[in-house]
Amino acid sequence: MRDTSEDLDPLIAAAEAAMLRSLVDPGHAMHAGGVVLAAARRTGSSDAAAIALRAMALAARELGDLEGAERHLRQAIATPGASRERVAQARLSLVTVRTERGHPVQALRVAALAWAYLSPLDRAKLDTQRAVALAHLGRLQEAVAACDRALRALAGAPGTLDNRRFLAGGLLNRGLVHSYRGDWDAAMRDLTACLQISQHAGLRHLARLSAANLPFLAVRRGDIAEAFHHYREAEDTLFGYPERLATMRADFAGALLAAHLPGEARAMLNLAVPDLETCGARAALAEARLKLAQAELLIGDPHRARAVAEQAAGELAAQGRTSWLPLAREVVLRSRLALEPVTPALVTELIAGADELEDGGAHLAGAAALRLVAAEAALAVDDHPTASAQLARLTRHADLPGRGERWAPAGARLTSLASEPQARQLARASQIPVPVRQHALAMEAALQEDIPGAFLAVRDGLAEVSVQVETFADPSLRAHVARAGERLAAFGLGLAVRAGGPCDVFEWAERWRAVTAPAHACALADPERVRAELGRRALVEFVVDGDSLLAVLITGERVVLRRLGAVRAVEEAIVRLRYAVRRRSEARERPDLRRDKDLQIVAGELEQLVFRPLAADLGDAPLVVVPVGALHTLPWGALPFLRGRPVSVAASAASWVRAREGARGAGPPSVAAAAGPALAHAQAEVAHVLACHPGGREVPGRIEPVLNALAVADVLHLAAHGVFHARSPLVSGITLEDGSLMAYDLLNVTRSPELVVLSACNSGMSRTPMEGAPLGLPGTFLAKGSSCVIAGMVPVQDEAARAVMSMFHELVAAGQPPDAALAHASAKTGVYEFTSFGAGDRPLYQPVATGLEGSATQLDQEPT
């Protein structure tokens, strides 16, 4: 059906054309609307003036000027002589602008004023706008109903461009409401339909908005790599639309936060919040601040979390969005718990906060988690009756009274024959997260000194967490999903430290690391299995119990548990050591004995804390080290006790065993090397590496050739700049000629070389949200099948990297295992910045004698 605008008064037709143009080319629409407005005022055409002002408002909104949009709409509403229908249409557009400016309640009042003067079709369009205000107020069921009504009317309406615009917009809004409710399939259906309709109608603006929500949905579906791919596309298409781009980033951040990726979420929110402030998008801004507060708390900055949460709470209260306030108060309470001593008054506030979350019915899982925290806090002030009362509320349906039945997850139960009130109680209980429920059961058992019962509750809980983790293939997402069980695992480990022997502590440390590990490395490894692989090596697995660092040592002869230094002292010593290594590296071209001495002093202090109680048992054995916490950032080769000693760093004992199981191809390895830009010695380093390996080939230092080399090479060497993002390890990368090879680029590769050498600053750094799954470049390569990764732990000078890597490859080509080759090369050159990850104890060549220190002393020919 044709558009009827051509039958209208020419000025009105021109004004409506400008209004439609506002979605496609807002800059042009703004100019056209101004021209029509001037003409309308000269001729006294009130309706044309009102429509022109509405067109200018829509254009201003697209350009991120919400204040300007509201000003134009209010002028349209106040236009003398304008018909009631035109005024009502201006109010229709004002509904969304008032919502976005943080006044959803007033927006609904504006909608009520417009309703009586709109046609049935325009009322349907108004409903698509009301839905946005309702969703912001947490009235999601009403929002879906409004969209449903609107879409039924718009689907049967004449196919004018404006009708299709609202049809696509209604689908977009309903899709967003579905996503708020966690109904991802319904959200995807609506957004896909919106995308198709808007593309067919040439509504590129709506197509962009629909596509901009794909990153959000991709994260929710567990596809992190695809989410970042969609994000890059959306960022390009929304360039020039600052408010839309910022809103998309904030929505994406919300999904990342729900996926337990707070660092990545904070990076997005730090981009979004300033733009939302500039645009005056106060509704989205308040939500973004609340997400930012949650991210800050998860990252470990309770000071900032509290400040941001209190600001968000003030803004949400001013907007009348009371259903959001318990979430902000939860962040404030948890922040205070991290900052203040526990007091009975704070326990009372925590319980009140849990009650408040529970009352609304929308945050039952959060309420349960906060109630468990309240129980722990009550125990901290020796208030056992209060703790028991809170635990009882979390566990009362775990065993059905008088029936001897165990609690079972929703969907695994038969239809309940209980009364309706009982059924409602069970339904609410089913929303208690499994780790929270099992943690409460374990605490109850421990309070009754039933230690076997406590262990059983923890074991059952971790098994159920593991089932949830197994649904994700992405190692980073697995690690973050597992965060739900972290406190439960720590409780089990603490029980083992106090009640068990070294083998029990090792089992519980490995049990948790197995939950978080990549899918192919999650099988448990018992001490006997580890001992069988070790040979003359020793394995040291570090664990944290409260404020103390402990180590389980496994050798061919024994398994022992040693208590080491305080965690805080070890963390501070690691910071000083990393600083000393960096300072020494910066001054390498200007030898300075004082800096050597500084390094010796601080390395000796750390060594005393970490290895002194183990030294007698270790002797000179090569080591497999399983770090914990800050030990993941330690350049191990800098410790005098370890210089010249082969050391392999693994995420768990099981992952080290798994890394040794890969089949080795016959014949010499296929070697590829690439040089990155802006390094004086990278090309010479690559040339020397290739000279060490017969048949080695250079690949261009660009992303695609390097990704292709991953698929075929046995050894890949990259000499380039490296960047590590502690808060967003997935965007850590190696700088190549055409951009950076990011960690998340590796998530989709199907194969990785047996040995990867990253001759680059900080490339070995990782963030470890959960023990067992360090996130960064080494962890990603190892998860994709590499058995060993050599990478830098601190900034390293170009010339120093060339020196140590040249000797390293000479020794590897002579038959040294990578960890031994690195140890000897580091000791010889004095370059301690690199670490061997994975199982670096398997040689790639048969050993031969080269005359170099550390090379074979026996030829590989049979003696005659």
Side-chain angles (χ1 to χ4, degrees), residues 137-141 180-182 254 257-258 260 287 290-291 293-295 297-298 302 305-306 309-310 312-313 316-317 321-338 342 344-380 383 385-398 407 409-410 421-444 457 461 464-465 468 481 483-488 491:
L137 291 168
R139 295 158 61 179
L140 302 184
Q141 189 63 40
Y180 284 142
R181 302 173 77 190
L257 200 57
H260 302 281
E287 293 174 29
L290 177 56
K291 294 169 190 169
Q294 293 168 332
L297 185 62
L298 287 172
R306 178 175 180 174
E310 288 175 342
L316 289 165
R321 301 169 68 184
T322 55
S323 65
W324 295 71
L325 294 179
L327 295 171
R329 280 197 278 272
E330 181 191 7
V331 177
V332 173
L333 283 169
R334 287 180 178 273
S335 300
R336 287 178 55 197
L337 193 61
V342 181
L346 183 53
V347 173
T348 301
E349 289 187 69
L350 287 165
I351 294 171
D355 291 342
E356 192 177 33
L357 285 166
E358 196 172 272
D359 285 346
H363 310 298
L364 294 179
L370 192 60
R371 197 173 299 289
L372 181 66
V373 170
E376 292 175 317
L379 287 177
D383 185 355
T386 297
S388 295
Q390 298 306 308
L391 294 175
R393 292 184 63 170
L394 297 170
T395 62
R396 60 189 169 192
H397 299 293
W407 187 93
Q422 286 174 321
R424 280 200 299 272
Q425 285 184 346
L426 287 171
R428 290 169 76 86
S430 71
Q431 295 189 44
I432 296 175
V434 168
V436 172
R437 185 196 71 222
Q438 292 302 119
H439 197 154
L441 283 170
M443 287 177 67
E444 279 186 329
E464 293 204 38
V465 171
Q468 295 171 11
V481 170
R483 290 190 78 147
E486 183 182 21
R487 288 160 56 81
L488 178 62
F491 188 81

Value rounded to 0.5 Å, distance of [atom1] in [X] from [atom2] in [Y]:
X: Glu287; Y: Arg321; atom1: CD; atom2: CZ; result: 4.0 Å
X: Leu298; Y: Arg334; atom1: CG; atom2: CZ; result: 8.5 Å
X: Arg306; Y: Glu310; atom1: CZ; atom2: CD; result: 5.0 Å
X: Met443; Y: Leu391; atom1: CE; atom2: CG; result: 5.0 Å
X: Leu137; Y: Ser323; atom1: CG; atom2: OG; result: 7.0 Å
X: Glu356; Y: Asp359; atom1: CD; atom2: CG; result: 7.5 Å

Consider side-chain contact (heavy atoms from CB on, under 4.5 Å). Of Leu350, Val436, Asp355, Ile351, which one does Leu370 pass it with?
Leu350
Show the nearest heavy-atom pair for residues [X] and [Y], with the distance to one decimal.
X: Gln390; Y: Ala375; answer: CB-CB, 4.0 Å
X: Ala374; Y: Val347; answer: O-CG1, 4.1 Å
X: Ala377; Y: Val342; answer: O-CG1, 3.5 Å
X: Glu464; Y: Val434; answer: OE1-CG2, 3.3 Å
X: Ala328; Y: Ala313; answer: CB-CB, 3.8 Å
X: Arg393; Y: Ile432; answer: O-CD1, 4.2 Å

Flag the pair Leu394 / Leu441 as yes when at least one side-chain heavy-atom distance between them is below 4.5 Å, and no otherwise.
no
Is any side-chain heavy atom of Leu357 closer than 4.5 Å to a side-chain heavy atom of Leu364?
no
Go through Arg336 and Glu349 one step at a time and tell me if the side chain to side chain contact (heavy atoms under 4.5 Å, CB included) criterion holds.
CA-CA 11 Å; Arg336 287 178 55 197; Glu349 289 187 69; 2.8 Å; yes
Can you name the residues that form a side-chain contact (heavy atoms from CB on, under 4.5 Å) with Val465, not counting sequence neighbours?
Pro435, Val469, Val515
